[in-house]
Amino acid sequence: MDNSKILESYARVAGEDVMEHLKQLAAHLRGLKVVHVNSTREGGGVAEILRKLIPLKRALGLDTHWEVITGGQEFYQCTKSFHNALQGDRVMVSDTLLQAYEDTNAANAERLKPVLQDADVVFIHDPQPAPLIHFFPKRKGSWLWRCHIATNRPYRPIWKYLRNWVTRYDASIFSLPEFAQPLPHPQYLVPPSIDPLSDKNIALPAKEVAAVFEQFKLDPVKPLILQVSRFDRFKDPLGVVEAYRLAKNMVPLQLVLAGGGASDDPEGEIVLNEVRLAAKDDPDIHILLLPPDAHRTINALQRAADLVLQKSTREGFGLTVTEAMWKGKPVIGGDTGGIRLQVVNHHTGFLVSTPEGAALRIRYLLHHRDKLAKMGRTAKAFVKEYFLITRHLKEYLALTIILRMGGPDRIEVGM
Ligand code: UDP
């Protein structure tokens, strides 16, 4: 699709005025080379966002690139521990793993030198590539550290180590105010977003939605509750199984836990086995291991579900919540991090802290279908207003302009 067609298609969903605004902002940045760096092209929210943000930036005429750093097993083991520690786990990381982390960044810096050295703006996503900046003492552009993780209560020793890299950046971006940290540079607040035109979120023919019942041997009649997530303890899949069991005593029910791995997440297999054990041989629990490109399947499952759960105990943002809300589903979500930004209690879903609470909310919604439908409509309107990619991009563009012109220390670019 050519660029003007791409922009037109977004105008149809987000509005002409929104696209006009984006074009005006982009005009100030034409000619700039912008690079995003993360650690996986598939799996997890960051890859999901970049996959759509980069082509849209390009369609607006910005010279935008997406680079991915790669490493060995020790590197991913180290960065997964960082992730867990930033979300509050007390984890120890050995010197050997730290060495692998730094060596991997050194090797990737060498490989990426031709792209990064002369870039005007560099977005480094999350801790995996954070040390890259150290290897560019003569960097030309502004470098931002974009953190997608719930850092409200980081485990101090690990944050102290990572902070040493982060302080070298020109600015950092967090998703929520409570994630911001004492840092010696400007901080910005930008929540993530979904792309309404991606395979994951586009409207689907009813036939394609109905087909998932046959494909995964689901009961076409029994109410269906769904959680889509990597198999990660912070997503609390065991809590979901418990909530399902409690709710099933009150209403007929089936549960789908759909997930796959992210190439930078080595713990998935262990958690998946724990979930299988907890599910035992309950024929109404369906654990689906989906390939990383199963976007339309996830889309169809989210549409087929009566309601969606995201019972995380920590959550940087939770794109799965946005995706479900965009499909008109109320979300029963863990009362934490980015879920709180999206689930407005009693309006777009319910916030819960225990499996018991989740079970009661499941029962309530399945017994009050009018309320369920109304909450779903409110949820969709809420996403349209605040969590589409066009809003996200507008804030990145505004932030880039501010950064290049100099701006106040700590501002909220968006909501
Ligand atoms: N996802 C997917 N396949 C899976 C599990 C998740 O495509 O098996 C997608 C999901 O639809 C969402 C993203 O990965 O777009 C997960 O983002 P989220 O912010 O919810 O969580 P993260 O994995 O980044 O912690």
Spell out, as yes or no, whether a donor-acceptor pair under 3.5 Å connects the side chain of [X] to the backbone of [Y].
X: Asp232; Y: Phe234; result: yes
X: Thr151; Y: Pro154; result: no
X: Arg404; Y: Leu29; result: no
X: Gln310; Y: Ala324; result: no

For a quick test of reading the model, state the closest non-hydrogen atom pair linking [X] to [Y] and the distance between them.
X: Ala59; Y: Leu7; result: O-CD1, 3.8 Å
X: Val271; Y: Phe231; result: CB-O, 3.5 Å
X: Val115; Y: Lys33; result: O-NZ, 3.0 Å
X: Pro192; Y: His392; result: CA-CE1, 3.7 Å

Given side chains that start at C-beta, do those of Asp335 and Arg340 come closer than 4.5 Å, heavy atoms only?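 The answer is yes; the side chains approach within 4.5 Å.
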
*Hey, are Glu208 and Arg303 close enough for a salt bridge, meaning a charged N less than 4.0 Å from a carboxylate O?*
no

Checking side chain to side chain contact (heavy atoms under 4.5 Å, CB included) between Glu323 and each of Val331, Asn299, Asn201, which is the one that passes?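 It is Asn201; the other options fail the test.
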
At what distance, to the nearest 0.5 angstrom, does [atom1] of [X] lie from [atom2] of [Y]?
X: Leu132; Y: Ile124; atom1: CG; atom2: CD1; result: 5.0 Å
X: Glu48; Y: Ser198; atom1: CD; atom2: OG; result: 6.5 Å
X: Trp145; Y: Phe174; atom1: CH2; atom2: CZ; result: 5.0 Å
X: Leu60; Y: Leu397; atom1: CG; atom2: CG; result: 7.0 Å

* Asked: Under 6.0 Å from the CZ atom of Arg369, do we count more than 12 heavy atoms belonging to anything else shown?
  ->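 Enclosed: over 12 neighbouring heavy atoms sit under 6.0 Å from CZ of Arg369.
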
Original post:
Has Gln215 got more than 12 heavy atoms of other residues, nucleotides or ligands less than 6.0 Å from its CD?
Top reply: yes

Quiz prompt | Parallel, tilted or perpendicular: rings of Trp165 and Tyr101 (30°, 60°) | solution =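 Tyr101 and Trp165: perpendicular rings.
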
For this session: Could you walk me through whether Leu301 and Val228 pass side chain to side chain contact (heavy atoms under 4.5 Å, CB included), step by step?
Result: CA-CA 9 Å; Leu301 283 166; Val228 176; 5.6 Å; no

Would you tell me whether [X] and [Y] have side-chain atoms, one donor and one acceptor, within less than 3.5 Å of each other?
X: Gln342; Y: Thr348; answer: no
X: Thr64; Y: His36; answer: no
X: Gln254; Y: Lys222; answer: no
X: Tyr10; Y: Asp195; answer: yes
X: Tyr76; Y: Lys80; answer: no

